Amino acid sequence: MKTRKIPLRTCVVTKEQLPKGELLRIVRTPEGNVLPDISGKLNGRGAYIKKDVSVLEKAIKSNILGKRLECDIDSDVYEEIRKVIEK
């Protein structure tokens, strides 16, 4: 039986290459909204971060998500991301 390829993505904060399931995709939709993409299939520009609160704190401090998504990110979006990570 053929082995299946596991898709790898790079965390924008830690630069680690991890399987897609260990990362959370943050997406800027064509309308300009920024939100966590739980399904991984939303249209728009995406960036992946590791599902870890300490990594999220580093992302907030360095504003790396704002730079990668090319927009400003409100603090309520970060709180929504935190809730998804803590599930």
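Given the structure is predicted, the values throughout are model-derived calculations rather than measurements. Heavy atoms only: backbone and side chains are in, while hydrogens, waters and symmetry mates are out. In what follows, residues are counted from 1 in the order of the sequence shown.
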- Query: Is it true that V55 and V34 fall in one hydrophobic cluster, defined by side-chain heavy atoms closer than 4.5 Å?
  - Reply: yes

- In terms of hydrophobic clustering (I, L, V, M, F, W, Y; side-chain heavy atoms under 4.5 Å; direct or indirect links), are I26 and Y48 co-clustered? no

- Query: Does I49 belong to the same Ile/Leu/Val/Met/Phe/Trp/Tyr cluster as I38, with side-chain heavy atoms less than 4.5 Å apart forming each link?
  - Reply: yes

- Note on the structure: Contacts of E22 meeting side-chain hydrogen bond (donor to acceptor under 3.5 Å, both in side chains) (sequence neighbours excluded), chain-then-number -> none

- ILVMFWY cluster membership beyond V27 - transitive side-chain contacts under 4.5 angstrom: L35, L42

- So does K51 have more than 12 non-hydrogen atoms from other groups sitting under 6.0 Å from NZ? yes

- Only counting residues at least two apart or in another chain, list the ones meeting side-chain hydrogen bond (donor to acceptor under 3.5 Å, both in side chains) with S39. D37

Using atom types as modelled, flag every donor-acceptor pair under 3.5 Å from a side chain in residues 6-15 to any protein atom, sequence neighbours excluded.
{"residue": "T14", "atom": "OG1", "partner": "E16", "partner atom": "N", "Å": "3.4"}
{"residue": "T14", "atom": "OG1", "partner": "E16", "partner atom": "OE2", "Å": "3.1"}
{"residue": "K15", "atom": "NZ", "partner": "V12", "partner atom": "O", "Å": "3.0"}

- Query: Are L23 and V53 joined in one hydrophobic group, where the rule is that I, L, V, M, F, W and Y side chains link up if heavy atoms are under 4.5 Å apart?
  - Reply: no

- Item | Non-neighbouring partners of D52 that pass side-chain hydrogen bond (donor to acceptor under 3.5 Å, both in side chains), sequence neighbours left out | S54

- Query: How far apart are the closest heavy atoms of G44 and P30, and which atoms are they?
  - Reply: CA-CD, 4.2 Å

Name each donor-acceptor pair under 3.5 Å that joins a side chain in residues 68-87 to protein atoms two or more places apart or in another chain, with its distance.
{"residue": "E70", "atom": "OE2", "partner": "R45", "partner atom": "NH2", "Å": "3.4"}
{"residue": "R82", "atom": "NH1", "partner": "E57", "partner atom": "OE2", "Å": "2.8"}
{"residue": "R82", "atom": "NH2", "partner": "E57", "partner atom": "OE2", "Å": "2.7"}

